[in-house]
Colleague: 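Attaching a single structure in C-alpha cells format; questions to follow.
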Amino acid sequence: MIRATWRSLLFLVGVWAMSVAMPMGSLLWAEPSKGKPEAGKQIYMESCQHCHGPTGKADTELAASLTPRPADLTAKTTQSKKDGQLRKAIVEGVPGTAMSAFGEAFDDQQMADVIAYIRSLKP
Ligand code: HEC
C-alpha cells in the first residue's frame, strides 16, 4: 500500500518534471511548427521578399547589392536547420549581415506562420 503510494508519487513528480522541461526544450528544439503557410506568405511578402525574393531564392536586385547576400531560403543549408534556429535568425538577426533583428515584431503564431511559409519553399 505505502509502496504503491510512493510509486505514484514518483510518477507524478516525473510527469511534473517533464512538463516543465519540455516547453523549455522546445524553445531550443522547436517542434514542427503548426503555422499556416498562407498566413506566413502575407508577412513574408511584406517584410522579407525584397531581400529573400518572392520565391525565397534571394534573386532580387536588392539581394544582389548586399554582401553577404541574403540566404537562399530554399537551399539545403537553410531548410536543414531546425525551426528554432530559423526563429533565432529572425528574432535576433544575423550579425554582420543585412538581416536585421525582427525582435518582437511577430507574435508566436505569426512566427510559426512565417516559418511554415519558409518550409513551403523547399524545392
Ligand atoms: C535587408 C534584407 C533582409 C530582409 C528584409 C530580411 N532578410 Fe533574412 N537574411 C538577410 C541576410 C543578408 C541574411 C544572412 C545570410 C547569411 O547568413 O549569409 C539573412 C538570413 C536569414 C535567415 C537565416 C538563414 C540561414 O540559413 O541561416 C532566415 C531564416 C531569414 N533571413 C529569414 C528572414 C525573414 C523571415 C524575413 C522577414 C521577416 C527576413 N529574413 C528579412 C537579409 C534580409
Side-chain angles (χ1 to χ4, degrees):
M1 181 57 190
I2 288 188
R3 265 187 154 197
T5 313
W6 266 112
R7 212 178 284 160
S8 57
L9 196 69
L10 269 179
F11 175 74
L12 283 176
V13 169
V15 169
W16 174 81
M18 259 159 52
S19 69
V20 171
M22 275 170 50
M24 290 197 314
S26 70
L27 287 177
L28 296 170
W29 307 106
E31 333 91 33
S33 59
K34 290 165 207 74
K36 296 184 288 298
E38 323 78 57
K41 183 174 184 179
Q42 282 191 4
I43 300 170
Y44 183 89
M45 288 305 169
E46 263 172 39
S47 308
C48 323
Q49 66 92 18
H50 45 288
C51 283
H52 289 285
T55 59
K57 289 193 155 299
D59 49 4
T60 66
E61 245 175 69
L62 176 57
S65 74
L66 294 171
T67 310
R69 269 185 94 115
D72 174 353
L73 299 177
T74 69
K76 201 168 171 237
T77 33
T78 296
Q79 291 292 336
S80 63
K81 287 186 175 135
K82 297 219 181 335
D83 286 359
Q85 291 172 292
L86 302 184
R87 175 188 295 253
K88 190 173 189 290
I90 299 165
V91 171
E92 296 177 11
V94 181
T97 78
M99 179 66 192
S100 51
F102 284 83
E104 307 278 305
F106 309 123
D107 63 26
D108 283 353
Q109 183 61 52
Q110 291 172 318
M111 184 61 88
D113 293 345
V114 170
I115 291 176
Y117 182 65
I118 293 176
R119 293 298 182 203
S120 80
L121 299 172
K122 196 172 177 174

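When a ligand or atom number is given, it counts from 1 through the structure's own listing order.
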Colleague: Can you pull out every ring-ring contact (aromatic ring centres under 6.0 Å, His included) where at least one residue sits in residues 65-102? Sequence neighbours excluded, please.
Modeller: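 As it turns out, the ring-ring contact (aromatic ring centres under 6.0 Å, His included) pairs with a partner in residues 65-102, which skip direct neighbours, are Phe102-Phe106.
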Colleague: Are Lys41 and Leu121 close enough that some pair of their side-chain heavy atoms sits under 4.5 Å apart?
Modeller: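 Side chain of Lys41 against side chain of Leu121, heavy atoms only: no contact under 4.5 Å found.
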Colleague: Quick check on ligand 1: any N or O pairs to the protein under 3.5 Å? One line per pair.
Modeller:
from, atom 1, to, atom 2, distance (Å)
ligand 1, 7 (N), His52, NE2, 2.8
ligand 1, 9 (N), His52, NE2, 2.8
ligand 1, 26 (O), Thr78, OG1, 2.7
ligand 1, 26 (O), Lys81, NZ, 2.9
ligand 1, 27 (O), Lys81, NZ, 2.7
ligand 1, 31 (N), His52, NE2, 2.8
ligand 1, 40 (N), His52, NE2, 2.8

Colleague: OG1 of Thr5 to CG of Leu10: how many Å apart, nearest 0.5 Å?
Modeller: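 Rounded to the nearest 0.5 Å, the OG1-CG separation comes to 11.0 Å.
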Colleague: Side chains of Thr60 and Pro54: does their closest heavy-atom pair fall under 4.5 Å?
Modeller: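 Yes. Closest side-chain heavy atoms under 4.5 Å.
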Colleague: Can a donor-acceptor pair be found, under 3.5 Å and without considering hydrogens, that links the side chain of Arg119 to the backbone of Val114?
Modeller: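 No, because the side chain of Arg119 does not come within donor-acceptor range (under 3.5 Å) of the backbone of Val114.
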Colleague: Given 3.5 Å as the limit, does a donor-acceptor pair link the side chain of Gln110 with the main chain of Ala39, or not?
Modeller: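 Side chain of Gln110 to backbone of Ala39, a donor-acceptor pair under 3.5 Å: no, none is there.
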